[in-house]
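What follows is a single structure, written as structure tokens, with notes after it.
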Number of protein chains: 2
Amino acid sequence: MTSIDDVARAAGVSIATVSRALRGLPNVSDATRSRVKTVADELGYVASAGASGLASGRTLTMGVVVPSVSRWFYQMALEGIDEELRRANYDMMLFNLAARKGDRERVFHRSILRKRTDALIALCLEFTPSEREQLLSLGHPTIVIGGPVKGIRHIGIDERATARAATQHLITLGHRRIAHVGGDDDEGLNRRVPLDRRRGFRDAMEAAGLAVRPEWLLSGRFSLAPSRAVVNEMLASAERPTAIVANSDEMAIGAIMAAHDSGLQVPGDLSVIGIDNHDLAESFGLTTMAQDPFEQGALGARILLDDLGGIVPPRRTSVTAPSHLIVRTSTAPPIH
Amino acid sequence: MTSIDDVARAAGVSIATVSRALRGLPNVSDATRSRVKTVADELGYVASAGASGLASGRTLTMGVVVPSVSRWFYQMALEGIDEELRRANYDMMLFNLAARKGDRERVFHRSILRKRTDALIALCLEFTPSEREQLLSLGHPTIVIGGPVKGIRHIGIDERATARAATQHLITLGHRRIAHVGGDDDEGLNRRVPLDRRRGFRDAMEAAGLAVRPEWLLSGRFSLAPSRAVVNEMLASAERPTAIVANSDEMAIGAIMAAHDSGLQVPGDLSVIGIDNHDLAESFGLTTMAQDPFEQGALGARILLDDLGGIVPPRRTSVTAPSHLIVRTSTAPPIH
DNA sequence: GTCATACCCGTAAGCGCTTACCGTGCACGT
DNA sequence: ACGTGCACGGTAAGCGCTTACGGGTATGAC
């Protein structure tokens with residue numbers, strides 16, 4: 001591999017000049033700079049990231065911690081983060097803190113804390129107190145997206161208000177018997193999100209003087225098939241709700257499919273509303289409370305990059321991302 | 001940040017001993033080793049990846065190049081890769097070589113070639129000759145998943161045979177008027193995959209003496225909504241096929257939805273078969289040619305890790321991943 | 001008692017960069 | 001003629017590790 005020495009030798013300058021020339025720093029004449037660039041190109045020289053990082057203390061790398069990569073929210077957030085990073089010439093290190101509890105500690109130590117990143121952005125994760133402390137003691141800019149973590153800046157929608165608005169939409173349409181498909185997600189994920197959404201559901205129901213029936217509080221494990229199963233079960237019993245609020249669009253789609261399974265019309269017999277505005281939502285005509293994880297991810301990355309840029313003092317405040325109602329064809333007034 | 005010196009001082013040994021002790025190398029007595037470990041823990045010491053990499057030449061990082069992160073195939077492959085990497089204590093650097101053509105060159109130079117990875121695994125990407133050359137001249141183990149690239153080892157299903165088998169399934173059921181939903185994917189993706197699948201479709205049709213009608217060769221851009229649209233259009237014309245082969249499950253689901261849009265029954269009026277065995281396939285009762293990108297990713301990672309381990313001489317051969325038919329409820333004999 | 005043999009562990013030379021600091025040479029003002 | 005300042009670019013000291021090598025001490029064989 002050709003190193004900076006080779007370039008310096010070939011260009012007849014010192015390695016310091018090569019370094020300056022190639023990175024666009026001042027104190028290099030145009031003539032020298034272009035000569036160095038030419039030589040570097042010819043030799044196919046590319047600076048070693050590790051060496052630069054060691055010498056400068058900046059790795060130009062952002063760590064992104066995700067609980068998985070196979071859910072819509074994370075994908076979108078990842079794409080958003082990536083968009084900002086490439087704009088700033090940063091690279092992305094992906095840490096998949098998957099379910100297995102045992103690995104987690106190892107990954108934490110071996111990878112995340114190994115100073116290979118300048119900043120860290122975590123998606124929808126829950127941290128143990130010890131993990132939180134380690135993260136903070138790392139001392140580099142950190143932000144959390146999708147589920148608040150005490151002591152760390154946060155970007156995300158107002159989960160409770162969003163679920164409340166979803167429920168309110170159904171109530172406004174005239175529904176009085178409304179079920180909720182919530183449910184915990186996998187281990188290690190941020191539990192507050194489903195909890196807050198359920199609280200929002202309760203808020204709206206209670207504010208409207210409607211009963212929250214325990215047998216209509218389902219758990220759909222945040223994905224289509226389980227949701228479809230539990231909703232099917234519920235629809236089989238004597239008394240049925242006229243509408244369903246689901247904590248996510250995937251679960252809402254599961255509910256729609258369950259309605260079809262049971263021979264019910266959507267929205268005629270059953271209205272369904274979700275949260276997310278998932279890729280598939282439009283195809284299913286799903287009414288939903290839209291959020292934009294791409295934008296949330298991009299914003300998170302931008303904030304961290306700003307911190308690293310050091311232009312402005314790091315903002316210490318969390319930001320609440322917007323969510324808004326999109327009415328499609330899965331909700332309508334109930335038929336009495 | 002505490003460095004190896006701090007630990008050495010605190011433990012009363014040299015930094016060399018700290019290094020050896022912490023990495024489990026021989027030539028350290030048990031007593032010393034455990035003392036060093038204790039001290040390191042107390043100080044919260046974690047070795048700097050950059051420095052280790054620089055000194056040892058191994059970064060313990062694998063680069064993964066993807067065209068996007070928001071498609072099922074890539075997600076699954078990523079998860080598979082991640083599984084193997086964490087087993088080997090490797091980290092993952094994710095390079096999202098998204099659409100924009102301009103960025104690509106930059107990303108290539110700035111990131112991929114910057115020696116921050118020990119090996120590289122690329123998903124479904126097409127490379128320009130110059131890119132290929134640069135990759136190879138990097139000299140580290142490389143493998144491609146999902147679409148063959150000349151001169152680089154490859155893991156993937158036999159695209160042509162798989163599409164042929166899908167088509168054959170319909171033919172065996174008695175279908176004679178069969179449409180194909182294929183279509184290019186985004187820029188920069190490997191074009192051979194859709195092409196080979198279409199060729200497989202043709203193979204089967206011709207072998208059975210069936211006509212391939214140009215107006216029944218659709219392009220669904222590898223996703224649900226576009227596929228739904230073009231299939232809807234086709235179903236509106238006077239003469240309809242009795243069955244559809246789609247190049248992916250997402251497009252197949254689009255076709256199913258289009259059938260419903262047009263008031264047709266699946267599989268009564270229209271049989272649909274896909275390729276992938278996507279997460280949603282089961283929910284839609286979709287018959288499909290299943291492949292396992294998780295396993296393909298895992299295998300790719302394993303091969304590279306083996307190469308790096310240097311135990312066995314690097315295998316130079318590509319491997320053909322299996323695919324197999326899963327019959328569900330979206331295919332049946334045609335009603336004449 | 002001597003010498004070879006292990007077994008530990010320290011010494012020091014890098015790995016390939018960045019950057020503070022200093023030394024030129026030249027243009028300019030006086 | 002001189003000093004002054006500026007624009008360039010070289011020198012060298014790290015950054016925090018890994019690892020070849022060598023030296024010291026205890027152990028065993030003879």
Side-chain angles (χ1 to χ4, degrees), chain A residues 1-37 39-40 43-61 109-111 113-118 138-140, chain B residues 1-37 39-40 43-61 109-111 113-118 138-140:
Chain A
M1 277 289 34
T2 103
S3 81
I4 199 173
D5 293 283
D6 303 321
V7 180
R9 209 166 1 241
V13 296
S14 73
I15 62 168
T17 301
V18 174
S19 177
R20 285 187 286 246
L22 259 29
R23 289 182 303 142
L25 296 186
N27 290 340
V28 181
S29 69
D30 290 348
T32 312
R33 191 186 303 277
S34 70
R35 181 157 41 93
V36 169
K37 279 187 173 167
V39 170
L43 269 54
Y45 170 72
V46 183
S48 146
S52 309
L54 186 53
S56 69
R58 283 170 267 103
T59 63
L60 298 184
T61 300
H109 258 82
R110 222 196 62 264
S111 306
L113 303 174
R114 276 191 95 195
K115 306 164 197 149
R116 31 177 50 194
T117 57
D118 294 339
L138 240 188
H140 58 208
Chain B
M1 276 291 30
T2 102
S3 81
I4 199 173
D5 293 285
D6 303 322
V7 180
R9 210 168 358 243
V13 296
S14 73
I15 62 168
T17 300
V18 174
S19 177
R20 284 187 287 246
L22 258 29
R23 290 182 303 142
L25 296 186
N27 289 340
V28 181
S29 70
D30 290 348
T32 311
R33 191 186 302 278
S34 69
R35 182 157 41 93
V36 169
K37 279 187 171 167
V39 170
L43 269 53
Y45 169 72
V46 182
S48 146
S52 310
L54 186 53
S56 70
R58 283 170 269 104
T59 64
L60 298 183
T61 301
H109 258 82
R110 221 196 64 264
S111 305
L113 303 174
R114 277 191 95 194
K115 307 163 197 151
R116 30 176 53 194
T117 57
D118 294 338
L138 240 188
H140 58 210

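Proteins come first, then strands; the chains are lettered A, B, ... in the order of their sequence lines, and each starts at number 1. Only heavy atoms go into these numbers, but all of them, side chains included; no hydrogens, no water, no symmetry mates.
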Original post:
For Thr2(A) and Tyr45(A), which heavy atoms make the closest approach, and how far apart are they?
Top reply: O-CD1, 3.4 Å

**OP:** Taking only the side-chain nitrogens and oxygens of Ser29(B), find out if one of them lies under 4.0 Å from OP1 or OP2 of dC7(C).
**Re:** no

Subject >> Shortest non-hydrogen contact from Val7(A) toward Val39(A) >> reply: O-CG1, 4.0 Å

**OP:** Grab the CZ-C1' distance between Arg33(A) and dC8(D) for me, whole Å please.
**Re:** 11 Å

Subject >> Separation between OG1 of Thr61(B) and CZ of Arg116(B), rounded to the nearest 0.5 Å >> reply: 8.5 Å

Original post:
Does Leu54(A) or Val13(B) map to a spot on DNA chain C nearer the 5' end, using the closest nucleotide for each?
Top reply: Val13(B)

Original post:
Rounded to the nearest Å, what distance is computed from the CG atom of residue Leu22(A) to the C1' atom of nucleotide dG9(D)?
Top reply: 15 Å

Original post:
Where do Val36(A) and Ala11(A) come nearest, in terms of heavy atoms and distance?
Top reply: CG2-CB, 4.3 Å

**OP:** For Arg33(B) and Arg20(B), work out which heavy atoms get closest and say how close.
**Re:** NH1-O, 3.5 Å

**OP:** Apply side chain to side chain donor-acceptor pair (under 3.5 Å) to Asp6(B) and list each qualifying residue two or more places apart in sequence or on a separate chain.
**Re:** Arg9(B)

Original post:
Tell me, for nucleotides 17-22 of chain C in 5' to 3' order, what letter each nucleotide earns: B for a base near a protein heavy atom under 4.0 Å, S for only sugar-phosphate near one, - for neither?
Top reply: BBBB--

